[in-house]
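Right, one structure below, let's go through it.
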Amino acid sequence: MSLNPAQTAAVETLSGPLLVLAGAGTGKTRVVTYRISRLIQSGVRPSRILAVTFTNKAAREMQTRITELLGRRGGNHAAKKSADGGVDGKRKEKPEISTFHSLCVRILRRHITRLGYPARFAIYDRGDQESVARQVLKEIKVNTGALKPGDLLYRISRWKCEAKRPEHLDDPRFGAKDYLAALAYRRYQKTLKTLGAVDFDDLLLLTEELFQRHPEALEEEAGRFDHLLVDEYQDTNMSQYRIVKDLAGKHRNLCVVGDDDQAIYGWRGAEVTHILGFQKDWPEAKVVRLEENYRSTRQIIEWANRVITFNATRHAKRLRSTIDGEPPRILQCKDGETEAKTVVRQIKTRLETTKRQPKDFAVLFRTNEQPRALEMEFRAAKIPYTLIGGQSFFDRKEVRDIFAYLKVLNRPRDEVALLRILNTPPRGIGQSSVQKLLESSLAASVSVWDVVKAATERGDFPGSAVAGTAVETAAETAVERAVETTVEARYAADLSPKTIGALRSFRSLIDEYREKLSRNFSAETLSELIERIGYRGEIDRLYADPNERSTRWESLGEVVNAAAAYVNENEQPDLQGFLDDTSLAGSDFASGKEKTSAKNSVTLMTLHAAKGLEFLEVYMVGMEEGMLPHHRSLAAEDDVSAVDEERRLCYVGITRAGRRLTLTMALERMKWGKPRPTVPSRFLYEITGQSRHPNYRKAIAGEAPTEPTR
DNA sequence: GACTCGAGTCCCGCC
DNA sequence: GACTCGAGTC
C-alpha cells in the first residue's frame, strides 16, 4: 500500500515543527513510523530521536513497527530478530520511544537530587498515596467527615494536572473543603518529599520544575535528541505541554500528531487548546491533515461522523472511507446478564462461522465494573480473553506485599513499604513494637529503618553487620552513624530481647537480599526471596480455600514472570529499573506484557484504554444514559463540555471498529443491588439520525422512552 | 463510649 | 449490595 499525498507530506517533512491533524483510522501510526524510519535513512542517528506516547501499549506497538520497518527496508537482520524477542537485536541502536511518565522518570533519576529528593526516589501508587493522605489528614486533625482521603487525593490530582502547586492555592473563593484540601495538599507534598517519594502527577510536575529551575539540566536533557515526536497531542496537560516546549525549543524539530475529536482526557487536565494553538507556539509550523480513513467501512464512518457533529466546538472535518460493509447494529437486551451472554454468544458464532480469530474482537465499555459479567461468560464459553485496565492486580495484598519487599530492598528508607512488611509474614514484631519504632524515628527525626538498624546493632553480634553497607552511599553512612548514638541510647532499651532478635533477623534478611539483588537482579533471586520469607506459608495461613490459595500464589508467579521478562528486555536490568517499569506499566504488566499482545484473545477494555487501537469487530456495551454518557458528566456544572467529552469517547469507540460494529444496551440493569430500568443513551439517537425523535429529548432528561424507536 | 440500626451514598476514565 | 455516618440507646 502506498502513501496518499497528505501522508507523504507528513512523512517527508523531516525538519522543523509539524502538526499532523490525523482523524481516526487515517494511517497515523503508519505515518509516524514511516517518518521515523525516513529520518533514520536520511542519516539521523536512531538514538537522537525521541517519540513520546501516552500509553505503554502504544509505545510498544510503535517500537515493534519501527523495528519491523527498519528490518525490512535496510536489511537489518539484528533489528528484525529483536522484534520476535531475540537477544541479538537489543544491542542495536534504537530510537527512544516512551511514555511521558517513563521519560520523566528517567530524567528525574538523573537530576532529582537538585530538587532535594533522593536519587532513588520511590514512585507512589494509589495505595501508597492513600496511606499518606490518611496520615496527613490525621496530622492536621481533620475528621474524616470533612474530607476523606480519596476526596483529598482527587483534588490534589486535579490541581497537579493543572500544574498548580500548593502555593498557587490561596483563592479567596475557596469553599471550606477546598481550603482544607489545599492545606492538606501542602502537607501531603511535604510528607512525600520527606519520604523521598513522588506520586504519578509529580513525575511531570517535578520534571517541569527541574527544567525551570535548572537550565543546565534542561540543556543536558534536550541535548540528547535532535527530533521529538509527540503522539496524541490533544491529550497533553499543562506540564506535558511545557516539557515538550522545553525539550524541542532548541532544535525545533517537533512533530505532534493528534485529533481534537479524540480528546478524552480533559478530566486529568488535558487541554485541546494545545493542539489548536500549535501554530501560535511554532509559527513556522507546517500543518498536514489526514482525512482519508483506511480502517473502517463507510457505514461505520457515517455513524462516527454523525455523532461527533453534535459537538459544537470542534474543527470542521469529515472522515471519508471507501470500504463498503454491513451497517452497524444496535442490540437491545433484557438485562445486563443477557447483554453479556448475547455478546459472547455472537462472538462464539463468528469464531465458528467465519475466519475471524479471537484477537480480531474487542468489547469496549465505559467503566471498569462492567466487564465482570462478560468475564464470566467468556470463561463459560471457553473463549480466551484479555482484560486490560483496572489496577486490580496491584491491589492484591500478596502483590503489594512482595513489591513492598522490593521497594525496601531498593531503598530501606522507604517508610510506607517498610512498615508494610516489617511484620508480614508475622515474625514477632507486633503492633506495640512498631509503635515504639515509629516514636523513636519521630523523636530522633530519622527514618524507621535507621531506628531498626540502631536497635539491632546494640550488643555484640558477630556476623550481623553484613554486606548491606556496601551499597550505601557515604552520606547515608554518615547519617547512620549519627543516628545510631541518639536513637540507640534513647529508645532501643524499650524493646524486648525477643523483638530485637526478630528485628535482627529481619535486618539481616534485608541486607542479604539487598546485596544479592544489587549484584544481580534476576527472577531466580526474586522467587528465592519469596520462598525465604515464607510467603507460601502465609498464604496458606490466611486463606482456607484451596482455590484462593492457588490464585494468590499464581499472582506471585506473575510477579516473578514479569521480573524475568524485564531482565530479558533490558541491557542492564536492576531492581530500580524493574520497580520503575512495573509501577508505570499499570495493569498491562500483570498479564505478562508482550506475550499477551501476541496472545490470540478477545480484548476487553475501557473506551479510554482503546484509544489508538483497532479491531475488526467491536462491541460497545452499556449504551445507556448514566453509563455513556456517564452520570458524573451529567451532574457537572459545566454540563455541556463534560457531555461533549463523553461524546468524543463514544466517537473513539466507534472508530476502533474496522468491519463490524455492534452497540448493545440493556433495558434493565442491576444497580446498587436492585434491577433498575435504564434509558437508552442519547448517542444512540444521534448516531442513527433520530435526534428529532421525541425519545431523544426524554433520554436527555433522563426519562424512559415512551414511543417505539426503530 | 460502644453498640445497633436505618438512611443515604455510590471513589468514572489512566500513567 | 456494601459501606459509612449519625442518631438513638444502654
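Naming: A, B, ... by sequence-line order, numbering from 1 per chain. Note that the structure is a prediction, hence the values are computed from the model and not measured. What you see below is based on every heavy atom in this structure, not just the backbone, and it leaves out hydrogens, waters and symmetry mates.
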Looking across every strand, which nucleic acid part, if any, lies under 4.0 Å from A:Ser102 by heavy atom: base, sugar-phosphate, or nothing? nothing

Could you walk me through whether A:Thr53 and A:Thr99 pass the side-chain hydrogen bond (donor to acceptor under 3.5 Å, both in side chains) check? CA-CA 5 Å; A:Thr53 61; A:Thr99 62; 5.9 Å; no

Between A:Arg126 and B:dC11, is there a contact of a side-chain N or O with OP1 or OP2 at under 4.0 Å? no

Verify whether the ring centers belonging to A:His608 and A:Trp267 lie closer than 6.0 Å. yes

Nearest of B:dG13, B:dC15, B:dC12 to any side-chain atom of A:His630? B:dC12

Expressed as a whole number of angstroms, how long is the span from A:Glu369:CD to B:dC11:P? 8 Å

Which whole-number value in Å describes the distance from A:Leu364 CG to B:dC14 C1'? 16 Å

Compare the minimum distances between each of B:dC14, B:dC12, B:dG13 and the side chain of A:Tyr154, then state the nucleotide with the smallest one. B:dG13

For A:Glu232 and B:dC15, what is the distance between atoms CD and C1' respectively, to the nearest whole Å? 14 Å

Are A:Thr606 and B:dC14 close enough that a side-chain N or O sits under 4.0 Å from OP1 or OP2? yes

Between C1' of B:dC12 and CD of A:Glu624, the distance in whole Å: 15 Å

What's the NZ-C1' distance between A:Lys671 and B:dC10, to the nearest Å? 9 Å

A:Phe365 CZ to B:dC14 C1', straight-line distance once rounded to whole Å: 14 Å

Tell me whether the NZ or CZ atom of A:Arg420 lies within the 45° cone about the ring axis of A:Tyr405 and under 6.0 Å from its centre. no

Hey, does the side-chain of A:Trp267 have a donor or acceptor N/O within less than 3.5 Å of a partner on the base of B:dG13? yes

On the nucleotide B:dG13, are OP1 or OP2 found under 4.0 Å from the side-chain N or O atoms that A:Asn368 carries? yes

Nucleotide B:dC15, atom P - distance to CD1 of A:Ile243 in whole Å: 17 Å

With a non-hydrogen cut-off below 4.0 angstrom, is A:Tyr265 in contact with a base, only sugar-phosphate, or nothing? sugar-phosphate

P spacing across the pair C:dC5 / B:dC11, given as an integer number of angstrom: 15 Å

Is A:Trp672 stacked on the base of B:dC10 when the test is centres under 5.5 angstrom and planes under 30 degrees? yes

So, are A:Glu369 and A:Lys671 salt-bridged, with charged N and O less than 4.0 Å apart? no

Can we call the ring centroids of A:Phe615 and A:Phe361 under 6.0 Å apart? no

Whole-Å distance separating the CG atom of A:Leu153 from the C1' atom of B:dC11: 10 Å

